[in-house]
Amino acid sequence: QVQLVESGGGLVQAGGSLGLSCAASTSIFRRNTMAWYRQAPGKQRELVAQITSGGNTNYADSVKGRFTISRDNAKYLVYLQMNSLKPEDTAVYYCNRAGPVSSILFWGQGTQVTVSS
């Protein structure tokens, strides 16, 4: 059964922090590079950060130095720690396997992050 459940979003002031969590089914998580994406109103869904099964990470330039992605391979969990948040980080955040957005057929419900100025 394919499942992705994101949580941890909320409303925070600029400069604040939030931590997101994602519970993924084994069919998606196992041996896959996992990623966090986000979609702001009126914009396309974009890759924010990704992490290989071995722990190698990569980040979008817009979040480098502020966001940290991690994973727990034993529990099929992916995390995104977001610090120094900016209003432009406001979006719905999704986790999934890494890859072109157009190639991904199943998405979870996402979690809303709103950063006030």
Side-chain angles (χ1 to χ4, degrees):
Q1 181 179 358
V2 177
Q3 188 176 20
L4 289 160
V5 180
E6 300 93 345
S7 62
L11 174 63
V12 64
Q13 288 188 332
S17 299
L18 278 176
L20 306 182
S21 298
C22 170
S25 56
T26 57
S27 61
I28 294 177
F29 189 96
R30 188 174 292 163
R31 293 187 296 273
N32 276 331
T33 297
M34 294 297 293
W36 283 94
Y37 303 80
R38 67 186 180 187
Q39 186 166 18
K43 295 188 177 181
Q44 292 188 336
R45 196 164 299 186
E46 63 176 358
L47 178 69
V48 174
Q50 62 184 41
I51 183 168
T52 68
S53 58
N56 293 318
T57 59
N58 194 29
Y59 298 91
D61 288 343
S62 59
V63 306
K64 274 181 185 175
R66 300 188 298 121
F67 289 13
T68 301
I69 188 172
S70 59
R71 64 191 286 167
D72 185 331
N73 289 334
K75 297 181 179 179
Y76 304 109
L77 295 171
V78 187
Y79 304 101
L80 186 68
Q81 178 62 38
M82 306 183 294
N83 299 326
S84 302
L85 282 161
K86 304 175 181 180
E88 50 264 44
D89 294 319
T90 294
V92 179
Y93 284 71
Y94 303 87
C95 73
N96 215 314
R97 63 171 176 82
V101 170
S102 59
S103 71
I104 299 174
L105 301 180
F106 176 82
W107 294 90
Q109 84 287 351
T111 186
Q112 175 72 48
V113 171
T114 303
V115 184
S116 63
S117 57

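Quick note: residue numbers are just sequence positions, from 1.
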Closest heavy-atom pair and its distance - [X], [Y]:
{"X": "Val101", "Y": "Arg45", "value": "CG2-O, 3.8 Å"}
{"X": "Ile104", "Y": "Arg97", "value": "CD1-O, 3.5 Å"}
{"X": "Thr114", "Y": "Gln112", "value": "OG1-NE2, 3.3 Å"}
{"X": "Ala91", "Y": "Ala40", "value": "CB-N, 3.8 Å"}
{"X": "Arg66", "Y": "Ser84", "value": "NH1-O, 2.9 Å"}
{"X": "Gln50", "Y": "Thr33", "value": "CB-CG2, 4.0 Å"}

If you link I, L, V, M, F, W and Y whenever their side-chain heavy atoms are under 4.5 Å apart, who else ends up in the same group as Tyr93?
Val2, Leu4, Val12, Leu18, Leu20, Ile28, Phe29, Met34, Trp36, Val48, Ile51, Tyr59, Val63, Phe67, Ile69, Tyr76, Val78, Leu80, Met82, Leu85, Phe106, Val113, Val115
Quick check against the 3.5 Å criterion: does Asn96 have a side-chain atom that pairs as donor or acceptor with the backbone of Tyr37?
no
Arg30 side chain vs Asn73 backbone, donor-acceptor pair below 3.5 Å:
no
Are Arg38 and Ser62 side-chain neighbours, meaning at least one heavy-atom pair lies under 4.5 Å?
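SC-SC contact between Arg38 and Ser62 confirmed.
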Passes side-chain contact (heavy atoms from CB on, under 4.5 Å), Tyr79 versus Asp72? Steps please.
CA-CA 8 Å; Tyr79 304 101; Asp72 185 331; 4.3 Å; yes
What I want to find out is whether Asp61 reaches Lys64 closely enough, with some N-O distance under 4.0 Å, to be called a salt bridge.
yes
Nearest-0.5 Å distance, NZ of residue Lys86 to OG of residue Ser117:
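Between Lys86 NZ and Ser117 OG, I get 14.0 Å after rounding to 0.5 Å.
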